[in-house]
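These notes are about the structure you will find just below.
Every chain is numbered from 1 and lettered A, B, ... according to where its sequence line falls, protein lines coming before strand lines.
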Amino acid sequence: MALLNELAKKKEGLVSGHRLCPGCTHSVIMRQVFAVAETDKYDIVVAAATGCFEVSTGLYPYTSWNVPWIHTAFENAASTISGVEAMYRALKKKGKLNKEIRFIAVASDGGTYDIGLQALSGAIERGHQFLYICNDNNAYQNTGNQRSSATPFAGSTTTSPNGKVKFGKEQPRKDIVSIIEGHHLPYTAQASPSNWRDLMNKIKKALDINGPTYINVLEPCTTGWGFPPHMAIEIAQLAVDTCVWPLYEVIKGKVVINYKPKKKLPVTEYLKPQKRFAHLFKKGNEHLIEEFQKQVDAHWEWLLKREECGIEYGV
Amino acid sequence: MGKKVALTGNEAAAHAIRQINPDVIAAFPITPSTPIPQAVAQFIADGEMDTELVTVESEHSAMSACIGAAAAGGRVMTATSANGYALMWEMLYIASGMRLPIVMAVVARALSAPLNIHGDHSDIMGGRDTGWIQIISENSQEAYDNLIQAVKIAENKDVMTPALVAQDGFNTSHTIEIWELEDDNKVKEFIGEYTPLFPLLNTDDPVTHGAWAPPNWYFEHKINQLKGLLDSKEVVEKVGKEFGDTFGRYYGLYEDYKLDDAEYVIVAAGSVCGTTKDVVDNLRENGIKAGLLKIRLFRPFPYRELAEALQSAKAIAVLDRVSPAGAQGGPLFTEIRSALYDTQTRAPVINYTYGLGGRDTQPRHINSVFETLKKIVETGKVEKQFDCLNLRGEWR
Ligand SMILES: Cc1ncc(C[n+]2csc(CCOP(=O)(O)OP(=O)(O)O)c2C)c(N)n1
Ligand code: SF4
Ligand SMILES: [Mg+2]
């Protein structure tokens, strides 16, 4: 990878002046995408799902996008980019276009785990050339922090609030990476903006593949999660160091864990700075923290075992 | 002159699509339009067209992919019916709002529940306010001719609005009729090349498609969009004439059948017009001044022209192939009656719902409508403003 001072000079695909909350990581992640994209070899075209990122960067008569960008609706970033990519192939075949283009669809957890899952599954199965980036901020943030299937266990949101008799979301998170991986696509990974070098490596790998690829990126949300704006990257790092958010890749069914914390921190380190988990630290709620830790441990152990067995399919 | 062929309405649509040879088609099967994407897939498999066919996993994705492809910069088509059209709903507004000239073949069918795969106009009538141009075909020939014209209409720079061409499920889509298939090259020449205005794939000049518009801009966008839709009326006429000059079959905004001096007039759209024409012929032979006003362009609704064409009528019956669903009458009825309000005539206008879920409408039913119109004129009294044709028992 290029040196930092070289990366800093690269043309930005997403420019400043957008309306994301101060401290939001949507733009941080996209900046890392453009920093590693080899735009001397190919151009980038982006499709976005409705959500925080879209409304903050595509407000008529302005745009924050310095690359071709399209938004159509909430649940269909994957089918929209399917159409764009199909037209690209059609025009190339007819000799009406001779550019190299890489297609990126970007959505958050709502547009991916929930309402957009069908469109995403279809697009991956059809094998379009596109990188799907899910900036997972654990809830429907654009509409005011409602729970999604990516909201963690016990997380308080506006539709799974902590109250006198309820403690936040009752269910664990959906394991989206496993669902995506089940499509047997060439590349699936999970990354975090705190570990930017790892994230960028993954983006680069994905963009080099002529087929569907998926990267699940943690997108800490200062407003919905309730932490000070300057702490977003720190929160992301804590998610990684507690194994709440493991960094790994799945290539042909084989798991590769990219980062194993030397000292796996207890989940309380991650939970404590965030208001959405404040109620877990009230007396009498210790069992909820225990349950949270249990879920994180179970998933981490399972990943470690999968890596250890190292089975690939197709070989 | 084209070549006479004996094929179904679906095959007519499929041949039109083959000759148009759009860059991208994204489609999902649903009866009765399924044979269209099937035929297209076969044409592609046999090398008779080189369209990129995106076999999406739903109609929502079909329209989403069509929008993506059209914005990317090229010709895009699809086909659907009923529930599929309903599933596209959200995206239909987005296609028209983004000013993308997608052309869609709709084989009109009943909406569930109860589940019913047969013809009626519930789907297209429900979608009448989606901002699409809507052209309704009577038979296979029209389904074919209209699709070819729709490409030219939608892509006109003053229009830039998606267009749908409807034909009736089963009555037309699965019925073998004799119609004229034109020469491939002649069709190609007629539609010409399409140059998109702001192709997303032009990475040298990056464009943002689908930005959201707050209250200080949304209104202007929608009125601009409306202008495009309204301006299509003139283009429909122009293209209809060009089509006639090229292929010998002329098209206008509507078709008047023995309407000039007609006293008893039916207004209808779709395949029932064929039956109605037969009945009109019979009545005329018996000296009864019957006539038909066949709707062709339903959106934009050419209300002035339609009202003008109805001035000789002494009594009018509007046939709607959809439930009025709580309105004063079916959509065609309320719009026709509203259009007449600004003109001299005060002829009584009555409304029938017919043909729901594929219910047969035979000459005797159409005859009964003309009999009722005659009775209204003779007695000066309207007994029922709304009624149903070929329904068990009384409607109410
Ligand atoms: C069909 C549909 N349903 C609901 C909405 C309302 N809506 C817009 S954005 C959004 C939530 C977005 O959540 P997510 O995808 O997680 O993106 P985030 O804002 O969190 O980045 C919702 C519910 C919509 N636009 N379309
Ligand atoms: S609500 Fe959260 S995700 Fe949305 S812009 Fe603000 S910080 Fe970013
Ligand atoms: Mg979200």
Side-chain angles (χ1 to χ4, degrees), chain A residues 13 39 42-48 50 54-94 96-97 99-101 103 105 115-116 118-126 128, chain B residues 21-26 28 50-76 78 90-91 93-95 97-98 100 102 193-196 198-214 216-218 220-221:
Chain A
T39 41
Y42 47 73
D43 294 327
I44 301 266
V45 171
V46 178
T50 310
E54 168 267 325
V55 299
S56 307
T57 57
L59 167 60
Y60 187 87
Y62 309 105
T63 182
S64 308
W65 294 89
N66 216 357
V67 295
W69 180 89
I70 182 169
H71 158 256
T72 68
F74 181 21
E75 63 277 53
N76 62 356
S79 36
T80 301
I81 205 80
S82 298
V84 176
E85 189 259 1
M87 183 57 77
Y88 169 68
R89 275 186 284 122
L91 297 181
K92 270 207 139 173
K93 191 168 65 185
K94 293 177 181 170
K96 291 185 183 172
L97 192 102
K99 288 216 162 81
E100 268 311 305
I101 300 180
F103 298 94
I115 199 167
Q118 173 182 320
L120 174 57
S121 174
I124 294 174
E125 184 273 336
R126 291 189 298 273
H128 297 278
Chain B
N21 194 27
D23 299 299
V24 171
I25 293 176
F28 190 85
D50 61 359
T51 298
E52 278 294 326
L53 177 64
V54 188
T55 46
V56 280
E57 81 300 328
S58 73
E59 288 87 351
H60 192 283
S61 283
M63 192 42 65
S64 301
C66 284
I67 291 168
R75 246 179 208 144
V76 178
T78 186
E90 179 192 26
M91 302 316 297
Y93 282 88
I94 293 171
M98 290 175 75
L100 299 168
I102 299 160
E193 285 277 317
Y194 168 55
T195 318
F198 304 103
L200 186 74
L201 291 177
N202 181 7
T203 48
D204 296 331
D205 184 13
V207 173
T208 285
H209 282 256
W212 72 281
N216 64 343
W217 277 113
Y218 180 85
E220 281 74 16
H221 278 280

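- Contact annotation: the side chain of B/I67 never approaches that of A/T80 to less than 4.5 Å [non-hydrogen atoms, C-beta and beyond].
- When heavy atoms are compared at a cutoff of 4.5 Å, B/M63 does not approach chain A at all.
- In summary, of the residues considered (A/Y62, A/W65, A/W69), a side-chain hydrogen bond (donor to acceptor under 3.5 Å, both in side chains) with A/T57 occurs for A/W65 alone.
- Between chain B and the options A/V45, A/I44, A/I101, A/V55, the largest number of non-hydrogen pairs under 4.5 Å is found for A/V55.
- The closest side-chain heavy-atom distance from B/M91 to B/H60 is below 4.5 Å.
- Residue contact with chain A, scored on non-hydrogen atoms closer than 4.5 Å, involves the backbone and the side chain of B/V56 alike.
- In this structure, B/W217 and B/H221 have perpendicular ring planes: the angle between them is above 60°, well past the 30° mark.
- At a 4.5 Å heavy-atom cutoff, the contact between B/D204 and chain A is made by backbone and side-chain atoms alike.
- When each of B/S61, B/A71, B/G68, B/G97 is checked for heavy-atom pairs under 4.5 Å with chain A, B/G68 comes out on top.
- Only the side chain of A/F103 comes within less than 4.5 Å of a heavy atom of chain B; its backbone N, CA, C and O stay farther away.
- For the set B/A213, B/A65, B/A95, the entry with the most heavy-atom pairs within less than 4.5 Å of chain A is B/A65.
- Closest of all the heavy-atom pairs between A/T72 and B/I94 is O-CD1, 3.1 Å.
- Per-residue heavy-atom pair counts under 4.5 Å with chain B were compared for A/P61, A/A123, A/A78, A/A48, and the maximum is reached by A/P61.
- Ion pairing between a basic and an acidic side chain is recognised when a charged N comes within 4.0 Å of a carboxylate O; A/E100 and A/K92 show such pairing.
- If you measure heavy-atom distances from B/P196 to chain A, you find no contacts under 4.5 Å at all.
- Two residues are said to be in side-chain contact when any heavy atoms from C-beta on lie closer than 4.5 Å; B/V76 and B/T78 fail this criterion.
- For a residue to count as touching a neighbouring chain, one of its non-hydrogen atoms must lie under 4.5 Å from one of that chain's; by this rule B/D205 does not touch chain A.
- For A/S121 and B/E57, the side-chain atoms include no donor-acceptor pair closer than 3.5 Å.
- Heavy atoms closer than 4.5 Å to chain B are found in both the backbone and the side chain of A/L59.
- Of the listed residues A/A77, A/S82, A/A47, A/A73, the one with more heavy-atom pairs under 4.5 angstrom with chain B than any other is A/A73.
- Per-residue counts of heavy-atom pairs under 4.5 Å with chain B were compared for A/E85, A/E54, A/K93; the largest is that of A/K93.
- Heavy atoms of A/E75 lying under 4.5 Å from chain B belong exclusively to its side chain.
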Test log, rule side-chain contact (heavy atoms from CB on, under 4.5 Å), inputs B/V54 and A/H128: CA-CA 10 Å; B/V54 188; A/H128 297 278; 3.9 Å; yes
